[in-house]
Structures are given as C-alpha cells and as structure tokens.
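Written below as structure tokens is the structure these notes are about.
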Amino acid sequence: MQNFQNNYSPEALLQGLNPAQQEAVTSDAQVLRVIAGAGSGKTKVLTERIKWLINVEHLAAEQILAITFTNKAAAEMRSRLMGFLPERSYVNRLWIGTFHATCLRILRLHANLMGWDRNFTVMNRADQEKTLRELLAVLGKNPKEFVPKEILARISRWKERGLRADMLAEERAFSARANQDYIAIYREYEKFCRANARADFDELILLTIELLEQEEMVRNHFHRLFRAVFVDEFQDTNELQMRLIQLLTADDAKLFVVGDEDQSIYGWRGAQIENILYLERRYPNLHTVSLEENYRSTGNILQAANAVIANNKKRLGKKLWTAAADGEKIRVISAFNEKDEAEKIAEIIKKTAREKNRSWREFAILYRRNSLSRNLEYSLSNQEIPYRIYGGLRFFDRQEIKDALAYLRLLNHPEDNQALERIINRPKRSIGEKTIDDLRLAAWQNAGGIWNLLTNDFFISANFPKRAKALAEFTSLIKKMQAEFQEALRENDCRDAEKAGQLLTRALEIAIHSSGLWDFYSNENDRTYSETRSDNLEELVSAAKEFALRNPIFPDNFTGETTPDAGILLDNFLASCTLDAGDYEADAGENRVQLMTIHSAKGLEFPFVFVAGCEDGIFPSYQALQSLHDEIEEERRLCYVAFTRAREELSCSFAHIRYEQGREHASDCSRFLKEIPENLLSMQGFMPGKTVHPASAPNANFASAPRAGKTAGKFAVGKKVEHSKYGRGVIKDVEGEGERSRVLVRFNFQIGDKWLVLKYANLQLVE
DNA sequence: GATTTCCTTATTAAG
DNA sequence: TAAGGAAATC
C-alpha cells in the first residue's frame, strides 16, 4: 500500500498514449468532452484518467463516479482498474456502474425519503406488463381496449421526459379526452408500483432525480462526495439521464464525458444526440478533445465507414484515420434469397478459417433484427460451424431462472404476490387459474397479501377440500423453506464477503431444490430442454456466489451506519439479475462464431465481420424509411457502428428475395452499400444499381414461382411488361386497389426489382 | 384442470 | 413461419 503510488509515476501512466489521449487524461478542464471515434482507445483514456486522478491528484476511490450504459462496460472498467489498485476491495469503493445500477445504489440508501420501501424489486419489461395487467384487472379495465404494451410505451416515454401523471393532467397539450384515460391509468400505475414496492427501469432514474432535487441534504452529500464524474457513451443519454448527471455533478467537481455522435444509436429509446453535440450550451466552459486515430481497422474499412457516415448532417464532423495498411476490400455478397445468403456466409467463414488458419471466435455475423438470425443459425449448424448467439432470450428471462428467483424473493418477502403467483403452481400442485383468481380477489378485499390469507387459514374453507389441501401443502412448503433460510442465516454473517457468498448460494439451493423446481425441470419430458434448464439453474447458483464476492454490502454512505442484513443481500442480488442481461462475449475458452444484433455489438471488435441483410427495408429498416425525420441518419450511424467493428475484413450481404412473416418480399440492396465508393468494394454476384459483371452473376433463373391469380386489371403476376425508362421486365407481385394498385416488376440486373404504381408508371404489356 | 387445436398477429434495436 | 392466446376437447 505504501509503495503503491511510486509504482505509477505520471510518466508511467502516460506511456503508450498519443498526444490527444494524453491531453484527455491529464486535462484539468472543469468540463471535458472527449469525442472518441470508434477504436480510438476510449476505454483506455477513461481508465487511465481515473488512475491519474487517484495517483496524481490524490482522489480517493469513492470520490469517483463513473457511469456506463452496459454492465459489460462497467465490468471492463473495473477489471482494468483492478490490477492498478492495491487490493481487490479497493475497486468496490469506486462508484462504477450503469445508470440504473448507480440509481439503484442511491435509492437503496434513501428511497424511504420519497415514500418508497427501500427493498423494492426492480421490474423488467415482462414484470412490468404483468403488474399493469394486475392493475387493469383491479381497475376493471379491459386489456383489449387498453393494450398493456401500448400503455407501457406511453408511460415510458413520459417518464423518459420526467413527466409524472399529475404534471400531464395540468398540461394543456395532453388534456384531450383520449389521453385522460391513459393519464388516469398512469397515475394508478404510479401508486400501485409504490404500494407494491416495484420499480421499473425508468422509475429508478426518475425517482433518483426527484430525490436529489427535493432532498437538499442528500444532494449536498453527493456533491461533497463526488469530485469527478465520468460518463461513457455520452451520445446515448436521454433527457432524464442528462438531468441526473447535472444533479450529481457539483459546481466544483470535474465532469468528463466520452462519446461519439456518429455512434448514437438509441434515439428510439429517447437518446438525444443534442446532448453531446451542444454540450457547450449547458457548460460554456466546455473543453473538447477529439480522438481520431483509429487503432482497430484497416484503411479500407475506415474509408468505407467514413464515406457512409459523411452523408449525415447531424455531426460534429471528424474523420478517422489509421496508420495501418489498406487491407482487403469490402466484400459484397449478393444472394438470391435469405437461405442462399446464409449458405454463402457460412461457406466463406469456413473457407477463411481453413485457409488463414483462424479460430471461429474471430468471426462475427451482425444483423439489424434478432429475427434475421434463424437462417444463419441453420446454415452454420448445417456446415458444422460452432456458433453462439447473443440476445434473443436472455439468461435472466428464462422461465426456470425466473422461477428460482421468485422462490428466492419469497424467502424474504412472502407478501410479494407477483412472485407467489408465479410459482404457486410450479412444479404443478393442482392449483389452477381459478384458485389463483379467487385468492387474488380475496386478498384484495381484505386489503392484504395472498400470503397473509394462506397463513391465517382464512381461505381454506370446507367448501373446497381439494383446494384447501393443495394450498395448505404449498404454505407449509414455503414455511419450511423459510425455516431453512433462517438457519443458514444464523450460520453465515453476511458482513464477511466469503460467508455472504455461502449464504446466497445456500439460499438459492433452498429456492431451487427444496421448492421442487430442480426435480421438476430435470425430469421434464422434453429431453432437449431438461439438460439446459438444470444447467441454467446451476449456473445461477454460481452467478450468485460471484455476485456476493464482488458486491459486499455497502455501508450506508449517508448516515455512516452500516446496515448489513441478509435481506439486502438477497434484494440486491435480485435487482442485479433484472438489471443484467446476463449474456457476455464468448468465454475465453469458447471458440465459436458470434451472432448478434448491431446494437449489441457496440463496443466490441472482431477480425472478421459479416453484416447480413443489407437491404433497403431491413437495413435501413422499413420504419426508418417511412419516417419523415432523421431516422435514416440513425440507421446510418448504426451502419457506421457495424462497419467499425471489423479489424481485418468486412463483408456485407443482401438477398434479393426474403421470406419473412409468411410472405416473400423482394428488395433492393441497402442504400448504405451504394454510398461506399466502388473502388473499395469487391463484388461477389451482382448488385443492382452498381456496375455489373455478368460473368459473376449467380444463376439468373429466379426460382420464386409466380403466384397465379393476382391481378390488377390486365396486369397479372407472370406477365411481361415494358417501362419507358427501365425497359422490359416481369411482374412478380401485385398489391393495392384502384388508384393505388402497384406491381412489383423484375427488370434486368442493373435495375433489379421495382414497385411501380400503375397510375404513374405507364406500363405496356408485352406479348 | 390439463391438453390439444385453431386462430390471430407480428418484427426494430435493450437496461 | 412461429408464437401466443382462445376455444374446444379430453
């Protein structure tokens, strides 16, 4: 500990940093904005600056607050700092976490000041929807008339802008009759969540903001505490997050934000690119450092990415450069349909891996939507290429995991109806929907919880002997589990990290084994599942152990009191499960091709990247093409993110025909590909709209059988037509009626497929 | 109460 | 197509 500062002289800390990076690390600007292009060493600058502050400016670890968007980014920072800090426990004193985790940490200390139970649960989207359905039932609203998903989307949009139901009711813009119903439900939802101690994601942030605004003591406490505030991925912050940052940063503290406006891809979630573009409006003393040297990609990849992003208007305008060689050209793969596309990608991966002697894990396939992964998976497994897919069904969203966590929750909070309802009949105990409905109703009439009813024998009447027996058995099972937990509690003091780990592990074993879940899932008739389901449960136990070691119970920062309590340990673990997607990159030992959406690829890099589904309507998405605003710019940024993931080789593929949602769609290749200068491309197959080498065109007989019977006047599927500009083609599809009749015509290679409105196209039938 | 069958609907992206 | 809910059947 004594030598620790001497090991890291200022000179040593700056070693290996370029001048711009050094400036970012050492700057004493009050507010510093670092524009960090993809692959420019952003994380390095962040962590080096933290080291600098600790070592050269002598800040204590707990005086540093660093906020990220993903758990992965937070974990990455923590692990990079771990080696630098004198002992493992020291890193726990840093406030490094996601927006949500940071707010949770603050709320666990002070939520009671806002009339909340500090042990609230955190709801993900699914929990949220369940809660809303419960509420709608209580209010006697029909979920068909008031669609839960729609209501939640509105509530989320309101919360993102910091609007409470009461504020909305006053605003004239919202006073339309239709809105009043929604606002009324929103108000009830707010009350219901607080009464049941359940917070959704947006609530974590909004409640923290209100806490800091209203409670001067709390605000002052954090202002004194945090001397430096860091924000990663600043381009993705929304209005609420910006407010939070401002509230947490004292006038005399340092603010350091890192971001890249060209990588702002969360506008749909309320992110405001203006936050980074115009930060000087909030902080006139803003100082900016721009990192433009890229250490990741080849020259060609960077040039392609630069060429595409240059078409955007909303940007500060930077141009990445590299000292690296040009490297391979961008491979463009033109496929007949989605199956052909997947086959071609798999083949290329296989060939490249063999010829260049590369591992599977060095390849990634990225796509716009999760639903595009299916064909890729199929082809990969067909060619016996191991792969791992991210996203989709997340670990902590799996049925068996949610069941186990519900039992865990009941150990400590048996009055939690949502958890109880989830597992009351899992494993099957002959407690059906009707019984649960009755219980819920009775609980509501008695203004208590279901657990209260069960333990008071209130409901177990002679009228339903079978039902009474099943309920009594369930009740005694839960009591038995609680007794087991109490015993574990006596044996393990959770102030000790090691013991806390044992306690949490034991609690999960109780939740999984004593509950009967284990037997239920390991004996499932479906063999394909039984293996993974019990595997997942085991994985959950080890995740819990790890959690306890990494997250010791924090002393109460505000009052200085320590409140070590097993309940807090359990609640914190449960919350972290909700806040953690639970899927990470392939483990070091896992050698597989990686499949994921472009969004989840942000922050990652791979030697070989394939971007699949580069078609107008897919990428850019249909929705973006329809929109009047700058959603195309966001799609383009997404494209920029995709391209800049690649280190050595980038390939983009598109299919002329894609089978989706039970229909076939024809589409043109992505407009983004057309924005890449041709000299950077290497074509495989042909590309409509670009120069074509007929020799390389794939078999031109498009296999899709014309669908007979579809007609618009004399124009029927299969008929040949002539267009004044595009020449001759064949009708492939017909849509719409009267004035809006459109036909899909396949012209020659250069032109490809076009949808034409009959009224304007002036098509002539050809015999 | 559980299981099977039929019918509708859906596709942006995630903490 | 496939997933999820409602209706029908066991």
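Keep in mind that what you see is a predicted model, and the values were worked out from it rather than measured. Order of the sequence lines sets the chain letters (A, B, ...), proteins ahead of strands, with each chain counted from 1. What you see below is based on every heavy atom in this structure, not just the backbone, and it leaves out hydrogens, waters and symmetry mates.
- In this structure, A/Thr597 reaches the B/dA14 phosphate: one of its side-chain N or O atoms is under 4.0 Å from OP1 or OP2.
- Here B/dG15 presents its P atom at 19 Å from CD of A/Glu129, a figure rounded to the nearest Å.
- Environment of CZ in A/Phe192: crowded, with over 12 heavy atoms of neighbouring residues, nucleotides or ligands closer than 6.0 Å.
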Run the numbers on A/Glu338 and A/Asn375 for side chain to side chain donor-acceptor pair (under 3.5 Å), then give the verdict. CA-CA 7 Å; A/Glu338 76 284 350; A/Asn375 295 298; 4.6 Å; no

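- Spacing between atom OH of A/Tyr378 and atom P of C/dT1 amounts to 14 Å, rounded to whole angstrom units.
- Comparing B/dT12 with C/dG5, their C1' atoms sit 23 Å apart, to the nearest whole Å.
- Each of B/dT11, B/dG15, B/dA14 was ranked by its minimum atom distance to the side chain of A/Ser371; first place goes to B/dT11.
- Note on A/Arg368 versus A/Glu635: salt bridge recorded, some NZ/NE/NH1/NH2 to OD/OE distance being below 4.0 Å.
- When distances run from any side-chain atom of A/Gln623 to the nucleotides B/dG15, C/dT1, B/dT11, the shortest one goes to B/dT11.
- Distance from the side chain of A/Phe201 is smallest for B/dG15 among the nucleotides B/dT11, B/dA13, B/dG15.
- The interatomic distance linking A/Arg374 (CZ) with C/dA2 (P) rounds to 6 Å, in whole Å.
- Here A/Asn238 contributes atom CG and A/Met242 contributes atom CE; the two are 11.0 Å apart, rounded to the nearest 0.5 Å.
- Under the ring pair (Phe, Tyr, Trp, His ring centres under 6.0 Å) test applied with A/Phe99, the options A/Phe201, A/Tyr266, A/Phe234, A/Phe69 reduce to a single match, A/Phe69.
- With a cut-off of 3.5 Å on both pairing distances, the Watson-Crick or G-U wobble partner of B/dT3 is C/dA8.
- C/dT1 atom P lies 13 Å from atom NE2 of A/His665, rounded to whole Å.
- If you measure from atom CZ of A/Arg369 to atom C1' of C/dT1, you get 13 Å, rounded to the nearest angstrom.
- Distance CG (A/Asn238) to P (B/dA14): 17 Å, rounded to an integer number of Å.
- Formation of a donor-acceptor pair under 3.5 Å by the A/His599 side chain with backbone atoms of A/Ile265 is found in this model.
- Comparing B/dT11, B/dG15, B/dT12 against the side chain of A/Ser621 picks out B/dT12 as the nearest.
- Each of A/Asn425 and A/Glu635 lies near DNA chain B, and the nucleotide nearest A/Asn425 is the one positioned closer to the 5' end.
- Base pairing of C/dT1: its partner is B/dA10, meeting the Watson-Crick or G-U wobble criterion (both donor-acceptor distances under 3.5 Å).
- A donor-acceptor contact under 3.5 Å links the side chain of A/Arg368 to the base of B/dA13.
- B/dA13 has its base stacked against the ring of A/Trp268, the centroids being under 5.5 angstrom apart at an interplanar angle below 30°.
- The nearest whole Å value for the distance from the CE atom in A/Met596 to the C1' atom in B/dT12 is 18 Å.
- No engagement by A/Tyr622 is indicated, since no non-hydrogen atom pair under 4.0 Å with the nucleic acid exists.
- Nucleic acid contact class of A/Phe99 (heavy atoms, under 4.0 Å, all strands): none.
- Between A/Asn370 atom CG and B/dT12 atom P there is a gap of 12 Å when expressed in whole angstrom units.
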